[in-house]
Protein chains: 2
Amino acid sequence: MRRPTIADIAERVGVSKGAVSFALNGRPGVGEATRARILQVAKEMNWRPHSAARALGGARAEAVGLVIARPASTLGVEPFFAQLLSGLQAGLSARSVALHLLIVEDAEAEMEVYREWASAHRVDGFVMVDLKVRDPRIEVLEELGAPAVVLGGPGRHGSLSSVWADDREAMLSVLEYLAALGHRRIAHVAGLPAFRHTQRRIRALRDSARRLELVDAVSVPTDFSDAEGAAATRTLLSRPRRPTAIVYDSDVMALAGLGVAGEMGVRVPDEVSIVAFDDSVLTRIAHPSITALSRDTFAFGRQLAEVMLQVIDEPGLRRDVKTATPRLVVRESTAAPGAWQDD
Amino acid sequence: MRRPTIADIAERVGVSKGAVSFALNGRPGVGEATRARILQVAKEMNWRPHSAARALGGARAEAVGLVIARPASTLGVEPFFAQLLSGLQAGLSARSVALHLLIVEDAEAEMEVYREWASAHRVDGFVMVDLKVRDPRIEVLEELGAPAVVLGGPGRHGSLSSVWADDREAMLSVLEYLAALGHRRIAHVAGLPAFRHTQRRIRALRDSARRLELVDAVSVPTDFSDAEGAAATRTLLSRPRRPTAIVYDSDVMALAGLGVAGEMGVRVPDEVSIVAFDDSVLTRIAHPSITALSRDTFAFGRQLAEVMLQVIDEPGLRRDVKTATPRLVVRESTAAPGAWQDD
DNA sequence: TCCCGCAACTAGAACGCTTTAGTACCCAAG
DNA sequence: CTTGGGTACTAAAGCGTTCTAGTTGCGGGA
């Protein structure tokens with residue numbers, strides 16, 4: 001048999017569709033007795049709302065959109081991303097809001113999908129990740145007027161809300177720790193330079209070079225892949241005056257770097273110290289275990305969900321949430337540089 | 001201004017809504033010249049389809065549902081799951097199909113969501129994971145008549161399609177390898193006994209005990225968490241006649257087990273060999289690296305997507321795809337048992 | 001010349017729900 | 001006894017699209 005509609009219920013109870021709609025949505029305009037009868041019949045007939053029909057009328061979609069312009073494989077490879085996703089889902093599912101996920105080729109396609117989903121009321125809001133320098137997606141989301149939360153910041157995300165961590169401060173804490181150990185030649189294997197947080201880390205290194213008396217403070221950009229992380233490490237360690245410490249923008253790259261050091265016979269931490277942005281099981285079980293900037297990524301994702309839900313509830317709202325700054329967890333991969341390395 | 005509808009376009013071009021609909025969907029029933037004009041105007045007015053309205057008419061939702069009854073944290077912790085998810089996404093996004101993802105408390109809630117999404121045309125089909133013994137979800141999906149693909153098998157998934165790996169054969173390959181090395185006391189730290197694939201592995205061990213002359217072949221059930229994996233390992237290694245080899249049902253548990261062995265001063269692989277079902281970066285970088293059953297999980301997810309799309313295209317279809325059996329990758333965690341361990 | 005068939009197009013119902021405007025009724029105040 | 005206002009409801013108009021059942025006009029064969 002066909003799925004029951006409110007018209008069927010109305011007919012059976014002997015009232016109008018309107019009355020049924022009121023009753024089912026707990027709205028005034030229908031007596032208690034009638035309401036009870038309607039609810040009863042609806043249950044008997046096993047009725048369920050048809051979200052598409054509701055959406056046509058402009059109701060909530062009970063879903064949040066996440067469009068990612070990255071190769072799909074990163075989803076599974078980067079612990080950071082996987083953790084973030086699960087935190088996000090955890091936060092959303094507490095309110096039975098689904099995550100509408102799509103991976104696309106590039107930012108162009110991503111914006112097109114924003115337009116489609118927004119104009120079709122397919123989702124109630126968007127979570128935007130991988131904030132770039134002068135990101136055109138911001139404008140699109142603003143123009144669409146859809147609730148949106150940007151992962152990353154602060155600043156430069158227009159009227160959109162955001163959730164961010166202080167990358168600058170985190171980078172400084174690493175540099176100060178390394179400088180205190182006596183390191184003066186510190187290299188930075190950065191992520192994609194187009195990302196705002198990458199820029200912020202690069203700038204933090206450059207800015208503190210003088211204060212910390214670093215004689216060499218270079219940032220090498222990569223695409224965040226383990227391959228480029230390994231290549232950058234190889235280049236750095238092949239220099240006549242190689243760095244005594246390398247800071248990696250992700251745990252995956254740090255691990256790759258550690259592997260390269262092993263291959264090249266450069267001992268860690270005796271000859272080179274290694275620090276990773278982002279902590280995960282990878283840094284913990286590596287051998288030697290890797291000193292890393294640790295944060296609760298799952299909680300980060302949950303905060304993202306929380307802000308998203310708030311912004312959906314109150315469309316005018318603009319929140320700007322700074323999450324806890326990642327703190328350094330010292331493990332076996334860092335030590336004072338050997339004496340022979342001093343200038 | 002209001003978002004443009006086909007009625008607006010129709011008015012502007014001076015044709016009926018029907019004609020516009022035909023033109024926009026590349027259907028016959030409208031002349032070339034008119035079609036071109038309609039497309040032109042639609043572009044000018046920046047028109048976009050409204051999926052909710054389409055869904056009302058019974059069109060595709062261009063989304064696949066995935067409902068998971070697990071704690072959200074597993075999503076990020078289990079490399080297998082993360083990889084699978086990205087493979088699935090990769091396969092779907094090639095056809096611009098989104099993944100509608102929701103995490104729920106339990107199987108009851110999961111089935112309720114199936115009903116809701118199906119009756120609301122919210123998704124075109126479902127991917128079901130974590131197939132259990134006598135799984136009630138199968139019936140629900142069959143009854144709903146929604147296209148669905150089950151991860152796991154073979155058999156016992158009724159009329160639904162499935163994608164599966166041969167767990168039995170995989171387990172046998174591990175056991176034969178260990179037996180060939182000389183192991184006779186082999187323990188198995190299993191996953192959730194409610195899962196079909198867990199059962200299959202347990203049975204494989206039991207069945208081959210006699211043939212391989214195992215004097216001790218016990219399976220210890222766990223919930224797949226690293227905590228229970230560690231606990232089970234502790235119990236096993238505390239026995240007066242402890243096993244000389246332990247097979248773990250996941251890489252996460254194997255890693256936990258390796259940690260416990262370290263704590264207890266039991267040397268790996270000299271005193272106990274360790275094998276993991278599921279390969280990932282975890283097993284590769286552990287110290288010692290862990291012998292594991294390896295498969296291309298990303299490809300597995302992509303196959304899942306492929307079958308899903310096929311079943312959506314051809315609702316009557318029932319496919320049963322066996323994926324490549326995981327093959328054993330021998331690393332440092334396995335060796336012949338020490339002589340003193342022989343009976 | 002007439003009719004047939006086909007392509008091009010129109011009108012409007014249908015999809016399931018929400019919402020608004022309106023109606024019927026009752027009770028209380030004047 | 002009338003009026004005013006509140007409650008309980010009904011009828012029907014959307015929401016944006018697709019689909020079905022026409023209608024028109026035109027070219028070609030008898």
Side-chain angles (χ1 to χ4, degrees), chain A residues 1-39 41-42 45-63 115-124, chain B residues 1-39 41-42 45-63 115-124:
Chain A
M1 207 200 66
R2 228 182 65 268
R3 75 193 299 279
T5 72
I6 54 166
D8 300 328
I9 301 178
E11 194 187 356
R12 183 125 144 216
V13 176
V15 294
S16 70
K17 287 192 304 171
V20 175
S21 177
F22 288 147
L24 291 172
N25 293 294
R27 222 177 289 260
V30 67
E32 266 323 305
T34 321
R35 179 187 305 265
R37 224 147 42 88
I38 291 173
L39 259 45
V41 171
M45 300 182 78
N46 202 22
W47 175 88
R48 272 155 225 290
H50 191 300
S51 67
R54 281 191 163 156
L56 246 195
R60 290 270 171 83
E62 299 299 335
R115 286 187 222 274
E116 274 176 24
W117 289 3
S119 76
H121 282 296
R122 227 193 155 96
V123 296
D124 302 319
Chain B
M1 205 200 68
R2 226 182 66 269
R3 75 193 298 279
T5 72
I6 54 166
D8 300 328
I9 301 177
E11 194 187 356
R12 183 123 143 217
V13 177
V15 294
S16 70
K17 289 190 303 169
V20 175
S21 179
F22 287 147
L24 291 172
N25 292 293
R27 227 177 287 258
V30 68
E32 266 324 304
T34 319
R35 179 186 304 265
R37 227 150 38 90
I38 289 173
L39 258 45
V41 170
M45 299 183 79
N46 202 24
W47 173 89
R48 271 157 227 288
H50 191 301
S51 67
R54 279 191 165 155
L56 241 197
R60 291 272 171 81
E62 300 299 336
R115 286 187 222 274
E116 273 175 26
W117 289 4
S119 75
H121 282 297
R122 225 190 157 96
V123 296
D124 301 320

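Note on naming: letters A, B, ... go to the chains in the order of the sequence lines (proteins, then strands), and numbering restarts at 1 for each one.
Comparing atom distances between the A/A19 side chain and each of D/dG16, D/dT10, C/dC9 picks out D/dT10 as nearest. Minimum atom distance to the side chain of B/V15 is reached by C/dT10, of the listed D/dC9, C/dT10, D/dG16. Candidate nucleotides C/dC15, C/dC17, D/dT18 were compared by shortest atom distance to the side chain of B/R54, and D/dT18 ranks first. The side chain of A/R27 sits closest to C/dT19 out of D/dG16, C/dT19, C/dC17. Nearest to the side chain of A/F22, among D/dT10, C/dT10, C/dC9, sits D/dT10. Checked against C/dT19, C/dC17, D/dT20, the side chain of A/I6 finds its nearest nucleotide in C/dC17.
The minimum heavy-atom distance linking B/R37 with B/V13 is given by the pair NH1-O, 3.6 Å. Nearest heavy atom pair, residue A/T34 against residue A/V30, reads CB-CG2, 3.9 Å.
Residue B/L56 contributes atom CG, which lies 8 Å from atom C1' of C/dC17 at whole-angstrom precision. The nearest whole Å value for the distance from the CG atom in A/L24 to the P atom in C/dT19 is 13 Å. C/dC17 atom C1' lies 15 Å from atom CD of A/E62, rounded to whole Å. Here C/dG16 presents its P atom at 17 Å from CG of A/N25, a figure rounded to the nearest Å.
For D/dT17, the base has a donor-acceptor partner in the side chain of B/K17 [N/O atoms by modelled type, under 3.5 angstrom].
Within 4.0 Å of B/R35, counting heavy atoms only, lies no atom of the nucleic acid at all. Residue A/V20 is out of contact with every strand shown, counting any heavy-atom pair closer than 4.0 Å. At the heavy-atom level, B/P49 lies under 4.0 Å from the strands shown only through sugar-phosphate atoms. Residue-level contact check: A/G31 touches the backbone only, with heavy atoms under 4.0 Å from sugar-phosphate atoms and none from bases.
Checking side-chain atoms of B/R35 against main-chain N and O of B/G29 turns up no donor-acceptor pair under 3.5 Å.
The closest side-chain donor-acceptor pair between B/R3 and A/S119 falls under 3.5 angstrom.
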